[in-house]
Number of protein chains: 2
Amino acid sequence: MATADPARPGFALPLLLLAGFRTLIDDLHAELAREGHPELRPLHGFVLQAVGADGTTATELGQRLGISKQAAGKTVDRLVAVGYLERVDDPSDARRRLVRVTPRGADGLRRSAEIFDRLRAQWADTLGPERVTAMEDDLGTMASANWFRLDVPGWFGG
Amino acid sequence: MATADPARPGFALPLLLLAGFRTLIDDLHAELAREGHPELRPLHGFVLQAVGADGTTATELGQRLGISKQAAGKTVDRLVAVGYLERVDDPSDARRRLVRVTPRGADGLRRSAEIFDRLRAQWADTLGPERVTAMEDDLGTMASANWFRLDVPGWFGG
DNA sequence: CTATTTCGTCAACCACGTTGACCATCTTAC
DNA sequence: GTAAGATGGTCAACGTGGTTGACGAAATAG
């Protein structure tokens with residue numbers, strides 16, 4: 001299975017990484033929907049995390065995610081519309097509009113973390129805890145440069 | 001690095017899988033652009049592979065990729081426009097329009113496979129060949145259900 | 001006080017997905 | 001052999017997530 005196409009061993013690795021990611025994300029959102037967050041989309045968790053407990057501005061959010069301030073602003077719009085973020089004026093700078101996580105957003109974030117912990121535990125049950133840790137360590141070694149970049153129109157790239 | 005946020009160990013795994021995937025895909029396309037395929041986008045490799053040497057129809061391509069026939073048709077349109085796919089009438093069924101990989105498409109696919117092999121070899125050099133194989137085996141165990149699905153508006157998911 | 005930078009937004013556009021509708025063609029059933 | 005149904009392809013409208021360019025309002029630097 002790992003080398004699904006023996007003639008092209010290299011093709012398997014990216015496909016497997018994507019499939020592993022999607023497996024976790026799909027499971028997460030199935031469970032989130034069950035727990036009262038059906039509107040939360042895969043991207044949203046990343047954005048909520050990037051906003052953080054202290055809030056940010058759209059421009060800074062864009063920098064954190066590696067996307068334009070306009071794209072960040074539109075994503076914030078959508079999350080405001082479904083009640084996960086709110087915008088407040090910055091009293092110290094009339095140009096800035098602080099973006100903050102609402103209680104509902106914090107709830108979704110907390111549940112996401114719990115669900116991910118449970119999913120990771122499932123992986124550990126199946127593979128053995130040391131295999132999961134080894135995978136994380138190795139991926140950390142290879143992928144540190146792309147840690148949190150989301151500049152991905154459509155899919156990934158470009 | 002593997003447990004970037006010790007309070008939320010579960011968050012690291014999906015992020016690492018995505019980062020690993022993106023690292024490979026970004027490196028692939030940087031090299032493909034250097035080798036004369038700057039128009040090839042990340043999605044395209046998956047589609048070209050799914051078309052295969054014998055060709056397909058848009059409807060069947062959609063089924064293979066887990067997307068609608070309309071979406072598959074539009075993607076084929078774009079790949080035809082840049083010369084990687086061609087459409088020919090099926091003499092045995094006037095409804096069907098066979099989609100085939102052009103020589104240019106085959107060249108891109110062949111180079112992609114070669115580049116992926118080199119990237120995998122880089123991972124093996126850094127981590128050790130057995131670690132890469134172990135990662136592939138473990139991911140294969142956990143992710144077999146999401147092997148080739150691309151039904152992903154925007155990013156990944158519904 | 002003026003010049004520059006910064007923040008947010010608008011507008012147009014592209015890539016990639018969705019559903020619904022529709023026509024043309026092939027297949028099946030009578 | 002023809003009527004009815006299934007299948008393949010396309011068009012249209014739309015949603016999400018990305019891009020650039022332009023521009024006004026407000027802060028900062030000189």
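A, B, ... follow the sequence lines: proteins, then strands. Residue 1 opens every chain. Not measured: the values here are computed from a predicted model.
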From [atom1] of [X] over to [atom2] of [N], roughly how many Å is that when rounded to an integer?
| X | N | atom1 | atom2 | result |
| --- | --- | --- | --- | --- |
| K74(B) | dT19(C) | NZ | C1' | 11 Å |
| L43(B) | dT16(D) | CG | P | 20 Å |
| F46(B) | dA15(C) | CZ | P | 19 Å |
| R64(A) | dC7(C) | CZ | P | 13 Å |
| L61(A) | dG8(C) | CG | P | 10 Å |
| L65(B) | dT18(C) | CG | C1' | 15 Å |
| D77(A) | dG8(C) | CG | C1' | 11 Å |
| Q63(A) | dT6(C) | CD | C1' | 11 Å |

Nearest to the side chain of R97(B), heavy atoms from C-beta on, is which of dT18(C), dG18(D), dT10(D)?
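It is dT10(D).
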Would you say the side-chain atoms of T57(B) pair up with the backbone N or O of L98(B), donor to acceptor, closer than 3.5 Å?
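Side chain of T57(B) to backbone of L98(B): no pair is present.
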For the side chain of R104(B) and the backbone of G83(B), is there at least one donor-acceptor N/O pair under 3.5 Å apart?
no
Close side-chain approach of [X] and [Y], heavy atoms under 4.5 Å:
| X | Y | answer |
| --- | --- | --- |
| F116(A) | L13(B) | no |
| T133(A) | R120(A) | yes |
| K74(A) | Q70(A) | no |

Contacts of R111(B) that satisfy salt bridge (charged side-chain N to carboxylate O under 4.0 Å, His left out) - sequence neighbours left out
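Partners of R111(B) under the salt bridge (charged side-chain N to carboxylate O under 4.0 Å, His left out) test: E35(B), D107(B).
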If only side-chain N and O atoms of T59(B) are considered, is one of them under 4.0 Å from the OP1 or OP2 phosphate oxygen of dT7(D)?
no
Please state whether the phosphate of dG17(D), meaning OP1 or OP2, lies under 4.0 angstrom from any side-chain nitrogen or oxygen of R78(A).
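Looking at the OP1 and OP2 atoms of dG17(D), one of them is under 4.0 Å from a side-chain N or O of R78(A).
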Lys/Arg-Asp/Glu bridge criterion (N-O < 4.0 Å) met for R97(B), D90(B):
no
Identify, between R96(A) and A72(B), the residue whose nearest nucleotide on DNA chain C lies closer to the 5' end.
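The residue whose closest nucleotide sits nearer the 5' end is R96(A).
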In B/S/- notation, 5' to 3', how is nucleotides 20-30 of chain D contacted by protein heavy atoms closer than 4.0 Å?
BBB--BBS---
